Amino acid sequence: MAATAVLSYFGPHFAVISSVSTDRTTYEALHHWAFSAGIALAALLTLGAVLSAAATVRGAGGLMAAAFLSFALVFCALVQAAFWRAHSPTQVEDAVLDAYDRAYERALRSVSGSGRQELVAIQDTFRCCGKRSPLGLLEGSEAGLCQGEEAARQDCLQGIQSFLRAQGNVVSTLIGLGLAFTVALTDTRGPHPQGPGDPQGSPCTGTREEQAWA
C-alpha cells in the first residue's frame, strides 16, 4: 500500500500532471490527499502488526488492545475509501483531464513555447497526442501540436482515461484486500469471551467437569 502511494505521488504520469498544475487545483488536493492517506494506512497496518506480534510473544493484553485499535482505524478508513470510490468513481479522472485541458489551452495560446513544452511532456509520458474531434481530425493550430510520428498516437483524452481506470482498478483491489485482511486478522486474533455454557472454568479451579469429579 505504501509502495502504491509513493508510486502514485512520484510516478512519472502523476508527477508530470502535477508539474503543470501551477495553482491549487482539485487535482493537487486529491494528489496530496491520496499520498497522505496511503502512507497513514500503511503506517497503521505496520504498527498493528508489530503490536500484535509483540502481544503474542509477551502475552500482553494492553499491546493486543492497541493492535486491535490500529486495525479498527484502518478498517474504518478503508470503508470510507471504498464508499468514496463507489460514490465518486471519476473524480480523479475528471481532475486530471481538467489539468490536461488547461495545459492544452495554454499551449495553443503560448507564444514563447513554454506552454507547448509542458504539453509535450504530458504527451510523451502518456504516449498520446492532442484532442481529436469526433471525426478523428485536428484542425488549425491544434494540428501543429501533433506532427510526424506523434500524429499516429492515440488521443490524449482516451490515453489518460485508460491509464487512470487501470490505476483505479488497482486501488479498488487494494482496498478490498485491506478490508479482508483486517477482518480476518481481527477475527482470528480477537478475544473470545466465555459464555455461560463454556465448559472451561477458572484457571485456578479447573474445568467444570474436574470440579464435579472432585
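Computation of the quantities below employed the complete heavy-atom set of this structure, encompassing side-chain atoms and omitting hydrogens, waters and symmetry-equivalent molecules. Just so you know, these numbers come straight off a predicted model, no measurement behind them.
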Looking at every non-hydrogen atom in both residues, tell me the closest pair between [X] and [Y] and how far apart they are.
X: L78; Y: G178; answer: CD1-C, 3.4 Å
X: I122; Y: A103; answer: CD1-CB, 3.9 Å
X: A66; Y: L51; answer: CB-CD1, 3.6 Å
X: F71; Y: A49; answer: CZ-N, 3.7 Å
X: N169; Y: R85; answer: N-NH2, 4.4 Å
X: A67; Y: G48; answer: CB-O, 3.5 Å

Q | Side-chain donor or acceptor of Q123 paired with backbone N/O of G130 under 3.5 Å | A | yes
[atom1]/[X] to [atom2]/[Y] distance, rounded to the nearest 0.5 angstrom?
X: L41; Y: S70; atom1: CG; atom2: OG; value: 11.5 Å
X: Q154; Y: Q161; atom1: CD; atom2: CD; value: 10.0 Å
X: H31; Y: S36; atom1: NE2; atom2: OG; value: 10.0 Å
X: F14; Y: L30; atom1: CZ; atom2: CG; value: 11.0 Å

Q) How about F75 and F68: are their ring centres within less than 6.0 Å of each other? A) no
Q. Taking SG to SG, are C128 and C156 separated by less than 2.5 Å?
A. yes
Q: For D94 and Q91, run side chain to side chain contact (heavy atoms under 4.5 Å, CB included): C-alpha distance rounded to whole Å, both residues' side-chain angles, the deciding distance at 0.1 Å, then the answer.
A: CA-CA 5 Å; D94 293 340; Q91 186 174 2; 5.8 Å; no
Report whether [X] and [Y] are members of the same hydrophobic cluster (ILVMFWY, side-chain heavy atoms less than 4.5 Å apart, transitive linking).
X: L157; Y: F126; value: yes
X: V183; Y: L45; value: yes
X: V79; Y: L73; value: yes
X: W33; Y: F83; value: no
X: L177; Y: F181; value: no

(Q) Once salt bridge (Lys or Arg N to Asp or Glu O under 4.0 Å) is applied, do any residues pair with R165, and if so which ones, sequence neighbours excluded? (A)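 R165 satisfies salt bridge (Lys or Arg N to Asp or Glu O under 4.0 Å) with E93 only.
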Q. Hey, what's the ring geometry for Y104 with Y100, parallel, tilted or perpendicular (30° and 60° as the breaks)?
A. tilted
Q: Would you mind reporting whether T90 and L164 have side-chain heavy atoms less than 4.5 Å apart?
A: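 Not in contact.
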Q. Mind checking what makes side chain to side chain donor-acceptor pair (under 3.5 Å) contact with S162, not counting sequence neighbours?
A.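 Partners of S162 under the side chain to side chain donor-acceptor pair (under 3.5 Å) test: none.
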Q: Evaluate side chain to side chain contact (heavy atoms under 4.5 Å, CB included) for V96 paired with F163, printing each intermediate quantity in order.
A: CA-CA 11 Å; V96 175; F163 172 80; over 6 Å; no
Q. For T56 and M64, what are the C-alpha separation, side-chain angles and deciding distance, and is it a side chain to side chain contact (heavy atoms under 4.5 Å, CB included)?
A. CA-CA 8 Å; T56 302; M64 185 61 73; 4.0 Å; yes
